[in-house]
Structure formats: structure tokens, C-alpha cells
Amino acid sequence: MSITVYNSLTRKKEEFVPQTEGKVSMYVCGPTVYALSHIGHARSAISFDVIYRYLRYCGYDVEYARNYTDVDDKIIARANEEGVASEVLAERNIEAFDADMAALGVELPTKRPKATETIGEIIEVISSLIEKGFAYESGGDVFYSVRKFEGYGKLSGKKIDELESGARISVNEQKQDPLDFALWKASKPGEPNWESPWGPGRPGWHIECTAMNIKHLGATIDIHGGGKDLIFPHHENEIAQSEAATGKAPFARYWLHNGFVNIEKEKMSKSIGNILNIRDALGTQTYEAIRLFLLSNQYRSPIDYTNDSLKEAETAVERFYKALDRIETEYPATVESKPKKSALGKRMEPILKAMNDDFNTAEVFGNIFKEVTRANTIMDAATKSPDKRAATEVEVTVIRALFKEAGKILGTLDRTPGDYFDEIKSGSGVDPDEIEGLIAERAEARKNKDFARADSVRDSLLERGIVLEDTPTGTIWTVKQ
RNA sequence: GGCGGCGUACCCAAGUGGUUAAGGGAGCAGUCUGCAAAACUGCCAUUCAGCGGUUCGAAUCCGCUCGCCGCCUCCA
């Protein structure tokens with residue numbers, strides 16, 4: 001079975017064949033660290049995290065680089081507003097980003113280069129572009145001459161002449177052509193700067209990705225990812241820089257782009273003031289629910305983040321963990337025993353088939369929840385007819401193993417039920433001892449057939465969002481969000 | 001204006017040429033329960049924005065119409 005991916009460059013699904021058998025090189029544009037990361041960064045990171053996880057699951061040796069752009073106009077502007085050095089601001093936001101990613105269950109890429117650690121390579125690439133006639137120096141700045149690169153526009157489908165007629169490009173006297181973009185910017189007083197053949201300055205926006213790609217992954221990489229908005233101009237310019245500098249095409253063999261996250265049907269933007277930071281989102285729901293929600297949509301489609309849809313996702317996560325908890329409680333042997341490989345393989349087939357089709361995680365969840373229903377159904381049947389217990393144990397062993405496999409791929413539904421429910425309970429701020437005490441009181445009342453008293457305990461707990469469930473093995477409680 | 005995309009049930013959403021159109025949430029009814037909750041069962045799109053066309057056969061391909069969105073400027 002092979003993986004099929006939608007390639008933005010060709011605008012169609014293609015079979016994924018890495019340039020070196022068994023190995024994959026992948027680069028994803030990371031954040032420009034001028035502020036806290038928002039839910040859109042989370043979507044990009046999680047989408048490519050799942051791709052990274054799945055490629056390794058399929059046995060590939062994956063070199064995965066995700067950069068930090070830590071020198072940039074916005075960082076400088078923000079640092080000036082706050083009255084701190086731009087290095088300090090950048091470092092602080094890198095730490096925050098790393099913490100957010102960890103909280104979302106995003107695995108660490110194999111490489112996490114910073115632009116400021118790549119200045120030497122950036123200068124080399126720019127020098128080579130000047131030598132080859134693709135770039136020119138002008139008053140301490142260096143610009144890329146867009147018209148010199150024949151394939152300009154091939155990723156975004158734009159034509160240079162049409163871009164030219166668009167009046168929105170600012171005119172800069174230093175440029176030979178308004179479409180040319182900066183590779184190197186001469187520094188103004190007080191700005192971070194590095195020595196270069198063109199005087200002190202700093203890199204332009206697109207060149208750092210080219211340099212980091214070449215340095216860490218080589219002239220031609222397998223997968224290049226990022227948000228859809230980066231297609232133009234960022235990725236278009238990366239192609240122009242990289243292919244011109246190395247003389248090798250394609251720069252990236254497969255271009256993958258994730259869709260945007262809207263908030264309550266509106267685009268996130270500073271002017272609307274509806275930017276949802278990752279840490280705020282994590283304050284109201286678990287990482288499992290956030291990931292399940294984001295991965296319930298095809299990664300290329302836009303997605304609408306609403307309070308209701310996140311609540312629904314959390315309910316679905318709860319349903320999953322309840323079933324897993326029931327399997328492990330009623331069939332404790334499943335925790336230790338392993339299913340037959342062939343049986344698990346057969347059950348995994350639809351999930352792998354979905355993943356192989358451009359990482360269709362939504363369909364994977366469909367399969368997981370089908371298995372949830374099936375597990376509950378056969379366990380119900382075995383409770384009624386104990387002679388079915390042995391066969392049921394074999395089946396739920398397979399299902400539990402399937403859940404674990406899927407959890408590894410998706411990075412959600414991958415904890416123990418205990419850990420999940422503990423987080424929900426501790427996040428609610430209620431005192432477990434108090435609840436347990438009330439449950440004991442209610443149990444006593446029920447034993448004495450004092451149902452009025454038992455129900456009043458239950459009702460008062462329900463008002464606080466605590467739901468009691470009487471099971472054969474005792475009363476359990478959960479917190480409703 | 002140029003380029004790209006979307007429109008599937010009450011809501012979210014998968015399915016992109018061929019058995020009964022996944023799954024989640026909500027709702028209704030039943031089983032279970034002291035009553036609940038949870039779980040299970042059944043019901044909930046003869047139909048996929050509309051209209052034409054191609055085909056033995058289309059939600060899936062083509063054309064047109066309507067509606068919505070993104071990019072073209074910093075942006076994940």
C-alpha cells in the first residue's frame with residue numbers, strides 16, 4: 001500500500017515516493033516568534049505532526065526540520081513596543097511555543113533550527129545568488145530579481161505581469177522592479193545586525209528558510225509544508241531562491257498546505273481581536289479534544305472553531321475513554337496480553353487505507369468510533385451471556401490494541417483513561433474526597449431504600465456539574481463541562 | 001479583475017463512478033435501572049445547492065446558474 005498526497009505544486013493527488021527509499025526529508029515553516037502562538041499555529045503543527053508520526057509508523061526514517069524565524073520586522077517592532085531586546089522577546093516566545101507544542105502532544109521535530117543560527121549560510125546563499133545574476137546589491141540591501149527566475153509563479157499559479165499590474169505592491173526606489181523582494185536588509189540603528197559583504201544588516205523574510213533547508217536537509221527535499229497563506233509569496237520565493245542558488249529543481253518534491261482556522265465563522269485577526277492563543281484553548285479543553293476536533297476535518301479544508309464544536313469533541317473523547325476504561329476494567333487481561341498480529345492487522349486495514357489517502361484522519365475517527373460501539377455491544381452481550389466472555393476477551397484485546405495503534409498515529413486518545421479523567425476532575429476544581437464522601441452517604445441511603453435522600457444528593461451534585469453513574473462495580477463520577 | 005477552493009441530515013463531517021451515503025454531537029422511542037446516568041437497539045439524507053449533459057450507472061465526471069470562502073499585502 002502506498003501513500004497518496006495532494007501536491008499543491010501539481011494541484012493533484014500523487015503517489016508519495018521519497019527520493020531515497022526508506023528515507024523522508026521534510027521541512028515545515030515554523031512560527032515567526034513575535035507573540036504567543038494561536039490555534040492556527042496549532043493546526044499547522046498538529047497536521048504535520050500526524051504526517052510525521054504516520055511516515056515513521058510506515059517505517060520511514062524521517063528527517064524533519066521545523067524552524068523558528070527569530071529575526072524579522074515584526075519581532076523588532078514588538079520588542080521596541082515592549083522595550084526589550086528583540087533577542088529576548090524571540091527567546092521568550094520560542095520557549096512559550098515549545099511549551100504549547102508539548103502541551104498539545106506535538107512531537108519534537110528532529111531538527112529545530114533558528115534563523116539567527118544560520119546567518120553564515122544565509123550570507124553564502126545570497127552571495128551565490130548575486131554571483132549567478134539572480135540578485136543585486138543596492139545601497140546595503142540585496143534584492144532578488146524575480147524576472148530572472150524562469151519558473152516564478154509555478155507554485156501559486158501567478159503570472160509576473162499580472163502581479164505587476166496589481167497596484168498594491170509598494171514602490172521602493174532601491175528596487176529595480178517593484179516585484180523584487182529583499183534577501184538582505186541594511187540595518188537601521190538599534191536593530192539586530194550581522195556583518196556581511198554588503199555592510200551590517202539582517203536577512204529578509206524568505207531567505208532563512210532556503211538556507212536552513214539546504215543546510216539541514218539538502219538541495220532537494222521530499223516534503224515542504226506550511227499554512228496555505230504561505231504559498232504566496234513565501235513559498236514561491238523560497239523556490240526561486242533555492243532552485244536558483246543550488247541549480248537543482250525541484251527544491252521540494254511535494255508541497256503540502258494546511259487550511260485556516262476560523263473563529264466563530266470569522267478569520268482570526270488582530271483587528272477583530274479574536275485571536276485564540278493555544279494556552280487559552282488548553283485552559284477550557286483537553287489536548288485530546290483539540291486534536292480530535294482539528295483532525296476531524298481534512299487538513300487542507302478551512303475549519304470553524306466554535307465553543308460548541310469543541311464541547312462536542314470533548315464529549316466524543318469522553319465516550320472513547322469510557323469504552324477503553326470499561327474494556328480494561330471488565331477484561332483486565334487485555335492490558336497485558338497481545339492480540340494475534342493477523343487479527344490486529346485486519347482491523348487496522350481501514351485505518352491505514354484512510355491515512356494513505358492524503359492523511360484522511362476524519363475517516364480514521366469514523367473507524368475508531370465504530371470499534372467503540374462494537375466493543376460496548378459485545379461486552380453488553382457477554383454480560384448477559386457469560387459463555388461469550390472468552391470470545392469477547394479475544395475481541396476486545398484486538399480493539400484495545402487498535403486504539404493504542406491509532407493513538408500513536410493521531411497523538412490523541414493516547415493516554416490511559418485514568419490520566420484523562422484525572423485531568424478533567426482536577427481541572428474542575430472540585431474536591432474528590434468530598435465527592436467520595438457524598439457518594440458513600442448516598443450509597444448508605446440507597447441501601448436503606450431512602451431514595452428521596454439518595455436522589456437529593458445526586459441532584460445537588462448534578463447542579464455542580466458532577467454526574468453519577470451506578471455501575472455493577474460501584475458508583476463512579478464524572479465532571480460535565 | 002487573476003488564481004484556488006467549498007456547498008452532503010437539525011449542527012459538525014467522511015465519502016469524489018457501481019452493494020443499504022461513514023463517524024461525532026443534538027433529538028425522539030425502547031432495553032437496562034428503585035429512578036437516573038452510562039451503554040445498547042431502533043428512528044432521524046430514496047438523497048448529496050439548483051438546472052442541464054456524459055454514462056448501462058454520478059453526491060462523485062463535464063457545462064451553466066446561485067450562494068459562500070481563501071490568496072493576490074504581513075499572516076499558520
Side-chain angles (χ1 to χ4, degrees), chain A residues 8 11 13 28-32 34-35 37-48 72-74 77 153 156-159 161-163 165-170 205 225-234 236 257-262 265 267-270 275 292-293 296-298 300-304 306 308-320 322-323 326 350 354 357 360-381 383-384 446 449-452 454-455 458-459 462 466-472 475-478 480:
Chain A
S8 305
R11 294 180 188 79
K13 283 188 187 174
V28 174
C29 287
T32 298
Y34 65 97
S37 302
H38 54 64
I39 197 73
H41 295 105
R43 185 180 195 194
S44 179
I46 288 170
S47 297
F48 290 103
D72 158 271
D73 293 352
K74 286 198 294 295
S156 56
K158 299 194 184 307
K159 297 185 180 75
D161 292 330
E162 283 165 4
L163 285 168
S165 62
R168 291 210 255 171
I169 291 147
S170 63
W205 174 32
K228 263 200 163 77
D229 54 315
L230 295 179
I231 291 173
F232 189 89
H234 185 57
E236 196 68 63
H257 292 100
N258 64 276
F260 264 48
V261 180
N262 296 321
K265 299 232 194 302
K267 179 170 171 171
M268 260 194 283
S269 81
K270 241 183 283 175
I275 292 174
L292 183 141
F293 167 71
S296 290
N297 292 256
Q298 222 289 334
R300 284 185 280 120
S301 309
I303 190 169
D304 192 29
T306 69
D308 284 350
S309 49
L310 263 292
K311 255 185 213 153
E312 283 175 14
E314 194 74 66
T315 305
V317 172
E318 259 184 64
R319 174 171 160 77
F320 171 85
K322 245 175 209 157
R326 185 177 170 196
D357 181 14
N360 189 340
T361 46
E363 197 170 322
V364 174
F365 285 115
N367 281 290
I368 290 173
F369 282 99
K370 254 189 238 174
E371 296 295 342
V372 166
T373 301
R374 203 167 69 87
N376 282 321
T377 304
I378 61 177
M379 286 191 288
D380 279 359
T383 305
K384 282 188 190 126
R446 288 180 73 207
K449 305 252 184 261
D450 182 0
F451 294 121
D455 290 351
R458 189 174 62 197
D459 291 345
L462 187 60
I466 294 154
V467 183
L468 300 190
E469 293 174 32
D470 298 325
T471 75
T475 298
I476 59 168
W477 60 283
T478 52
K480 244 250 136 26

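Bear in mind the structure is a predicted one, so any value in this text is a computation, not a measurement. Reminder, nothing fancy here: chain letters follow the sequence lines and each chain counts from 1.
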Counting only Watson-Crick pairs (N1-N3 plus N6-O4 or O6-N4) and G-U wobbles (N1-O2, O6-N3), all under 3.5 Å, who is the partner of [N]?
N     : answer
B/C44 : none
B/C32 : none
B/G52 : B/C62

Can you tell me how far the OG1 atom of A/T373 sits from the CZ atom of A/R319, to the nearest 0.5 Å?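 Taking OG1 in A/T373 and CZ in A/R319, the distance rounds to 4.0 Å.
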
Could you say whether A/F232 or A/R374 is positioned toward the 5' end of RNA chain B, judged by the nucleotide with the nearest heavy atom to each?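 Taking each residue's closest nucleotide, the earlier one in sequence belongs to A/R374.
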
Name the residue closer to the 5' end of RNA chain B, choosing between A/D72 and A/R446 according to the nucleotide with the nearest heavy atom.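 Nearest nucleotide further toward 5': that of A/R446.
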
NZ/NE/NH1/NH2 to OD/OE distance under 4.0 Å, A/E371 and A/R374: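 Judged by the 4.0 Å cut-off on N to carboxylate O distance, A/E371 and A/R374 do form a salt bridge.
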
Can you tell me, in whole Å, how much space there is between the [atom1] of [N] and that of [M]?
N     : M     : atom1 : value
B/U31 : B/C12 : C1'   : 29 Å
B/C44 : B/U8  : C1'   : 15 Å
B/G7  : B/A59 : P     : 15 Å

So, is [X] close to the [N] phosphate, meaning a side-chain N or O under 4.0 Å from OP1 or OP2?
X      : N     : result
A/N360 : B/G15 : yes
A/T377 : B/U41 : yes
A/R319 : B/C40 : yes
A/N297 : B/A13 : yes

Between atom [atom1] in [X] and atom [atom2] in [N], what is the gap in whole Å?
X      : N     : atom1 : atom2 : result
A/K322 : B/G24 : NZ    : C1'   : 15 Å
A/I303 : B/G24 : CD1   : C1'   : 13 Å
A/I231 : B/C74 : CD1   : P     : 15 Å
A/K228 : B/U73 : NZ    : P     : 19 Å
A/L163 : B/G4  : CG    : C1'   : 14 Å
A/K267 : B/A76 : NZ    : P     : 10 Å
A/E363 : B/G23 : CD    : C1'   : 10 Å
A/N367 : B/G24 : CG    : P     : 11 Å

Any base atoms under 4.0 Å from A/M268, or only sugar-phosphate, or nothing? Heavy atoms, all strands.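 It contacts base atoms.
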
Would you indicate what A/S309 reaches in the nucleic acid, counting non-hydrogen atoms under 4.0 angstrom: base, sugar-phosphate, or nothing?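 The residue A/S309 makes no contact with any strand.
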
I'd like to know if A/D470 reaches the base of B/C35 with its side chain, counting only an N/O donor and acceptor under 3.5 Å.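 Pair found.
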
When you measure from the side chain of A/N360 to the backbone of A/E363, do you find a donor-acceptor pair of N or O atoms at a distance under 3.5 Å?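 Judged by distance alone, yes, a pair lies under 3.5 Å.
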
Given A/F293, which partner from the list A/V317, A/V261, A/I39, A/I303 fulfils the side-chain contact (heavy atoms from CB on, under 4.5 Å) test?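 Exactly one option meets the side-chain contact (heavy atoms from CB on, under 4.5 Å) with A/F293, and it is A/I303.
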
